[in-house]
Participant: 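One structure, as structure tokens, below. Some questions next.
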Amino acid sequence: MSLRRGILNIVLRLTEKRHLARATDPMELREAFERKARFWFRAPRGSRFVDARMDGVPVTWAYGPGVGDEGPVILYLHGGGYVIGSPRTHRAMVARLSGITRLPACLPNYRLAPEHVFPAALEDALAVYIDLSAHREVILGGDSAGGGLALALLAEILKHGLRRPAGVFCFSPMTDMTFSGDSMVANRQADAMLPAKRAGELGDMYLRGVSPCDPRASPLFAQMRGAPPVWMAAGDTEILLDDTRRMAARLREQGVDVTEEIEHDLPHVWPAFGPALLPEAGETLTRLAGWISCLRQSSGDS
């Protein structure tokens, strides 16, 4: 593990975790995240970003250096607890992945709570997926709440018999909105970024009385038989660690091919920080790109 990992964890613990623990206004949280993303997350030189709409949903297309529109597309759902985040906050990481995989990526600007409650985010993600998958192969991805949303979207695709994605990948996914995993308690001090005490509050903003056991909100409880391969990564000190572990076990029980990477003492969604700040970020994206390359080979690169 790199020296920079330890330094980054200290900085996040003293700044971001404290801010997330005390901030109460969703608008202030959003604005702060947008500002911090511009500081922390830098796209590779030569990346391109194009705003568009798909079936009425605003999207941002992200292209790594030299990447065109050919081949499959990565449909990436940003994290932020269904309350904060946007394509702008995540496009740097996704452009980096685009450059490594040589694939274009599409980031929906799905509706957020508390203005737009469950299942608004899923409805927007499904609309974009249907539009995209009508013309080309899709690889689903997401982080944190967006990782949970990608898995919930996968369950809806299977349920309705739609064209399957080639695969799904998630960084530190939030798969259980009952927040009942043991790591929510066991890692509450060790997690460098997320304050466990705020999880339920953010969940309530999105669910607004809907059962957190609804598989469209908590894909841990969804039927996934017949799903394509799934790749997931989480840090062993995250409060959401068990969301990945239990989701992986649940998928394997249903016959799904799962790649599960549990890394030591890395912060929530660490690939977002990029290799300049965190060498492990680049290493994880490179391994993920190799997995995506295998998907393309097995599917014939539709």
Participant: Report yes if the side chains of Leu266 and Thr237 come closer than 4.5 Å at any heavy-atom pair, otherwise no.
Facilitator: no
Participant: List, by chain and number, the other hydrophobic cluster members for Ile262, where Ile, Leu, Val, Met, Phe, Trp and Tyr join if side-chain heavy atoms come within less than 4.5 Å, directly or indirectly.
Facilitator: Leu241
Participant: Tell me the side chain to side chain donor-acceptor pair (under 3.5 Å) pairs involving residues 95-104, sequence neighbours left out?
Facilitator: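 Checked against side chain to side chain donor-acceptor pair (under 3.5 Å) - neighbours excluded - no pair reaches residues 95-104.
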Participant: What heavy-atom pair brings Thr259 and Trp291 nearest, and what distance separates the two atoms?
Facilitator: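 Shortest heavy-atom separation between Thr259 and Trp291 comes out as OG1-NE1, 3.6 Å.
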Participant: Determine whether more than 12 heavy atoms belonging to other residues, nucleotides or ligands lie under 6.0 Å from atom CZ of Arg88.
Facilitator: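 No - once you tally the heavy atoms of other residues, nucleotides and ligands closer than 6.0 Å, there are 12 at most.
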Participant: If only side-chain N and O atoms count, and only distance matters, is there a donor-acceptor pair under 3.5 Å linking Thr89 with Glu34?
Facilitator: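 No, no side-chain donor-acceptor contact under 3.5 Å.
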Participant: Under the side chain to side chain donor-acceptor pair (under 3.5 Å) rule, collect the residues that match up with Asp182, sequence neighbours excluded.
Facilitator: none
Participant: Show me the donor-acceptor pairs, under 3.5 Å and distance only, between side chains in residues 62-74 and residues at least two apart or in other chains.
Facilitator:
| from | atom 1 | to | atom 2 | distance (Å) |
| --- | --- | --- | --- | --- |
| Tyr63 | OH | Asp69 | OD1 | 2.7 |

Participant: Tell me every residue that passes side chain to side chain contact (heavy atoms under 4.5 Å, CB included) with Thr175, counting only those two or more places apart in sequence or in another chain.
Facilitator: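 Only Leu151, Pro173, Pro219, Leu220, Asp243, Met247 meet the side chain to side chain contact (heavy atoms under 4.5 Å, CB included) criterion with Thr175.
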Participant: Please list all pairs passing the side chain to side chain donor-acceptor pair (under 3.5 Å) test where one or both residues lie in residues 39-54, with sequence neighbours left out.
Facilitator: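 Qualifying pairs: Asp51-Thr60.
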Participant: Is a salt bridge present between Glu260 and Arg252, judged by a nitrogen-to-oxygen distance below 4.0 Å?
Facilitator: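 A salt bridge is present here (some side-chain N lies under 4.0 Å from a carboxylate O).
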Participant: Any chain of hydrophobic side-chain contacts (each under 4.5 Å) joining Val117 to Val210?
Facilitator: no
Participant: Considering non-hydrogen atoms only, spot the tightest contact between Gly79 and His90 and give its length.
Facilitator: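 Shortest heavy-atom contact: N-NE2, 3.4 Å.
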Participant: Given Met184, which of Leu240, Thr178, Leu194, Asp176 fulfils the side chain to side chain contact (heavy atoms under 4.5 Å, CB included) condition?
Facilitator: Leu240
Participant: Tell me, please, which residues at least two apart from Arg35 pass side chain to side chain contact (heavy atoms under 4.5 Å, CB included).
Facilitator: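 With sequence neighbours excluded, Arg35 shows a side chain to side chain contact (heavy atoms under 4.5 Å, CB included) to Glu31, Ala32, Arg38, given in chain and number order.
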Participant: Show which residues join Phe49 in its hydrophobic cluster (side-chain heavy-atom contacts under 4.5 Å, direct or indirect), or state none.
Facilitator: none
Participant: Nearest heavy-atom pair of Val59 and Pro108: which atoms, and what distance?
Facilitator: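 The answer is CG1-CA, 3.8 Å.
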Participant: Quick test of your reading: applying side chain to side chain donor-acceptor pair (under 3.5 Å), list the pairs with at least one residue in residues 185-198, sequence neighbours left out, ordered by first then second residue.
Facilitator: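 Side chain to side chain donor-acceptor pair (under 3.5 Å) check on residues 185-198 returns Arg198-Glu201.
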Participant: What residues, two or more places apart in sequence or in another chain, satisfy side chain to side chain contact (heavy atoms under 4.5 Å, CB included) together with Arg287?
Facilitator: Glu261, Glu263, Glu283, Thr284
Participant: Any carboxylate oxygen within less than 4.0 angstrom of a Lys/Arg side-chain nitrogen, looking at Glu280 and Arg4?
Facilitator: no
Participant: With sequence neighbours left out, what residues match Phe118 under ring-ring contact (aromatic ring centres under 6.0 Å, His included)?
Facilitator: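 Phe118: ring-ring contact (aromatic ring centres under 6.0 Å, His included) contacts with Tyr206.
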Participant: Tell me every residue that passes side chain to side chain donor-acceptor pair (under 3.5 Å) with Ser144, counting only those two or more places apart in sequence or in another chain.
Facilitator: His268
